[in-house]
Amino acid sequence: MMTKFLPLGLAATLLASTQAADSATRSVTSRLMVHIPHSLFRDQGYEHREALFGTPPYGGSIAQTLYYADSELCDNVDPTKGFPTREGNTPWQAPFILMVDRGGCTFVKKVRNAQRAGAAGVIIADNVCLCTDPECKNEFSTTCETSEPIMADDGSGSDISIPSFLIFKRDADLIKTELKNNSPVQLEMSWSLPSPDDTVEYDLWTVPTDPLSKTFMQNFRPLANALGTHAQFTPHMYIYDGQRTHCIGNDGANYCYTLCTNNGRYCATDPDNDLDKGISGADVVKESLRRICIWKYYGEEDGVGDPWWAYVSEFTARCDTPEYFMHDDCINDAYQHAGIDADAISKCMRDSGGTEGDNDNSYLKMAISSQSERGVVVLPSAFVNNAAIRGKLSSSSIFHAICAGFAEGTEPDICNSCGRCPDAIGCVNSGVCAGTPYNPAARGAGGSTPAGTVSTHTFAFWMLFVVAAFGGVGYWHYNKTREDMREQVRGILAEYMPLEDQDGGNPMDFAGSKSGTVPLFS
């Protein structure tokens, strides 16, 4: 019974946080515009909701022809159907943005099918009116919803690379009508990050046992150091509120067993789903507090915190197993290799309230308050300049978003050289971008480099081509000149050969004479 209780409590916490998450979604500076036809143009764009999956091109836009699939796009995708109709039922011509109907399957499945069909972006057309919009409802629509749904990841959206929006039913119907009349519609999806000054702030909410975060935190260290104090990082450990999930009973007992510390106040999910052995939720809370203290000592002042990154990497490599997760010797070994003062961190953990007694912990309490204010629901969650970063957490995607967050002209040199490189880590380590530079403004438009420039590969190819061309011409000229000289020599010799023939000797004997005279050719 105990093992079933906490998931229900944590689910209640997630549901209670949905409204806050919706607010966080709205804070993202994305825009949806219709440019053609002009009758659908709006100065401020169309109100929409942004998906919590996919990878938007921060700092860029996707402006393409819009097709309406006239389908929920849950299966059997037929690119020859939909609107506007095409002569000969030709497929949707890439690149394009695809509008699909809500319902029938998850948002992730719809967008994945659109991505496989070649779409550069997706618009989900809502099929239910908002209760706050009475003009949307009519005699055929008696139901309504109090708020638009959150386009959450169903747990399988890590392969989604294109962005998607959900648009309100009233607006969607206007656009559908235009498309069904076989009129062309050009739509633009754009994103920008707040660029207040020459410093970018970025945050990460996670837990020590999250697999995606482990990979990110092990790989991002060189990028954090390369950005230096131009980018101010703040890590946040996600803690479940044990009081809110009723892990503390009326009698003061801890009803959530090994999932919580401080007599049920601060909790975490069990990473191996076994309350009796392995890593417990309480262990995760303790490690979270440790990392909070390490950041307080080694990262809060400069916003870079190289020792914090080093500790996380050392702990993950050495102690991230059930046998060593809470082993003092392993933790001290990670401290030593990362240059961490073990006594200072232990004192910080004790002074904040510890994890053993029936009392509050100031740092863990602050962590719960912070995540509630930000509306964090999905883990891991990253923010750049207070804007939520969508899609799979990766070193390159966060680095690109950070570089896009600087005010124009204030970017550090590393952003100018590697800010658009697909392999940001390789670029920072070598100083050279080995891949085609990423250009968010050209995404979905068939381009991959900024207007007026060429990629590194293209430049290198043409340089080699020019060198090879000049080399070939030079070699041909050399051979031709040599052949011309030979022809001239043969012509001169031919003039003298008849004179030698008159003496009855071999006309070439003089060339290799053995009579003691010096031969002409030696």
Side-chain angles (χ1 to χ4, degrees), residues 10 13 17 20 201-210 213-214 217 232-245 247-248 254 256 258-271 279-312 314-316 319 325-326 328 331-332 334-335 338-377 379-383 386:
L10 296 185
T13 301
S17 302
E201 298 175 353
Y202 64 113
D203 303 72
L204 174 67
W205 265 266
T206 186
V207 292
T209 51
D210 177 66
S213 300
K214 291 178 190 177
M217 290 187 289
Q232 298 289 300
F233 176 57
T234 304
H236 303 268
M237 297 294 113
Y238 194 94
I239 307 295
Y240 289 101
D241 188 345
Q243 291 179 321
R244 190 171 185 178
T245 54
C247 286
I248 300 178
N254 178 6
C256 293
T258 60
L259 295 172
C260 305
T261 65
N262 302 78
N263 201 36
R265 286 176 173 80
Y266 311 109
C267 309
T269 55
D270 193 308
I279 302 172
S280 68
D283 293 338
V284 175
V285 174
K286 292 175 186 176
E287 178 58 25
S288 296
L289 177 60
R290 191 188 325 279
R291 296 187 183 189
I292 291 173
C293 282
I294 292 174
W295 182 257
K296 293 285 183 184
Y297 268 79
Y298 293 97
E300 195 170 62
E301 184 175 347
D302 66 359
V304 179
D306 183 65
W308 184 90
W309 293 100
Y311 168 79
V312 171
E314 293 293 340
F315 180 90
T316 302
C319 311
F325 196 86
M326 282 288 110
D328 289 339
I331 293 169
N332 287 329
Y335 280 156
I340 301 294
D341 185 341
D343 293 336
I345 302 306
S346 296
K347 184 176 184 301
C348 171
M349 295 175 69
R350 289 194 306 271
D351 291 348
S352 64
T355 56
E356 303 298 333
D358 184 9
N359 56 272
D360 289 336
N361 182 290
S362 58
Y363 288 156
L364 297 177
K365 192 173 183 178
M366 286 171 58
I368 292 175
S369 176
S370 178
Q371 68 203 28
S372 178
E373 291 175 3
R374 181 56 63 91
V376 175
V377 175
L379 294 180
S381 287
F383 293 78
N386 295 320

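Shown here for K214 and P208, the closest heavy-atom pair between the two residues is CE-O, 3.5 Å. For Q232 against D302, the heavy-atom pair with the smallest separation is NE2-O, 3.2 Å. Closest approach of N254 to G264, counting heavy atoms only: OD1-CA, 3.6 Å. Taking both residues in full, the closest heavy atoms of S288 and M237 are given as O-CG, 3.5 Å, listed atom of the first, atom of the second, then distance.
I368 is linked by a side chain to side chain contact (heavy atoms under 4.5 Å, CB included) to I239, D241, Y266, Q371, counting only residues two or more places apart in sequence or in another chain. Taking D210 as the reference, T206, V207, L212, S213, P380 meet the side chain to side chain contact (heavy atoms under 4.5 Å, CB included) condition, with sequence neighbours excluded. In terms of the salt bridge (Lys or Arg N to Asp or Glu O under 4.0 Å) criterion, residue partners of E314 (sequence neighbours excluded) are, by chain and number, R318. R265 meets the salt bridge (Lys or Arg N to Asp or Glu O under 4.0 Å) test with D358, D360; sequence neighbours excluded. D341 pairs by the salt bridge (Lys or Arg N to Asp or Glu O under 4.0 Å) definition with nothing, not counting sequence neighbours. Partners of Y311 under the ring-ring contact (aromatic ring centres under 6.0 Å, His included) rule, at least two apart in sequence or in another chain, are F315, Y335. Partners of N262 by side chain to side chain donor-acceptor pair (under 3.5 Å), not counting sequence neighbours: none found. For the side chain to side chain donor-acceptor pair (under 3.5 Å) test, residues two or more places apart in sequence or in another chain that qualify with S280 are D283. Partners of E300 according to the side chain to side chain contact (heavy atoms under 4.5 Å, CB included) rule, which considers only residues two or more places apart in sequence or in another chain, are W295, K296. Listed by chain and number, the residues in a side chain to side chain donor-acceptor pair (under 3.5 Å) with E356 are K286 (sequence neighbours excluded). With sequence neighbours excluded, the residues forming a side chain to side chain contact (heavy atoms under 4.5 Å, CB included) with A382 are L204, I389, L393, I398, listed by chain and number. Residues passing the salt bridge (Lys or Arg N to Asp or Glu O under 4.0 Å) test with D351 are K347, sequence neighbours excluded.
Under the 4.5 Å side-chain criterion, counting only non-hydrogen atoms from C-beta, P271 is in contact with V284. Between R291 and P235, the closest side-chain pair of non-hydrogen atoms is not below 4.5 Å. For the pair F233/V304, no side-chain contact is recorded, criterion being any heavy-atom separation below 4.5 Å from C-beta on. Residues T316 and V312 form a side-chain contact, since some pair of their non-hydrogen atoms from C-beta on lies under 4.5 Å apart.
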Query - Residue pair L259, T269: steps toward the side chain to side chain contact (heavy atoms under 4.5 Å, CB included) verdict - result: CA-CA 6 Å; L259 295 172; T269 55; 5.8 Å; no
Report task. Check the pair H236 / T234 against side chain to side chain contact (heavy atoms under 4.5 Å, CB included), numbers first and verdict last. Result -> CA-CA 7 Å; H236 303 268; T234 304; 3.4 Å; yes
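Across the pair C247 and C260, the gap between the SG atoms, which is the quantity tested here, reaches or exceeds 2.5 Å.
Between atom CZ of residue R374 and atom CH2 of residue W205 there is a gap of 4.5 Å, rounded to the nearest 0.5 Å.
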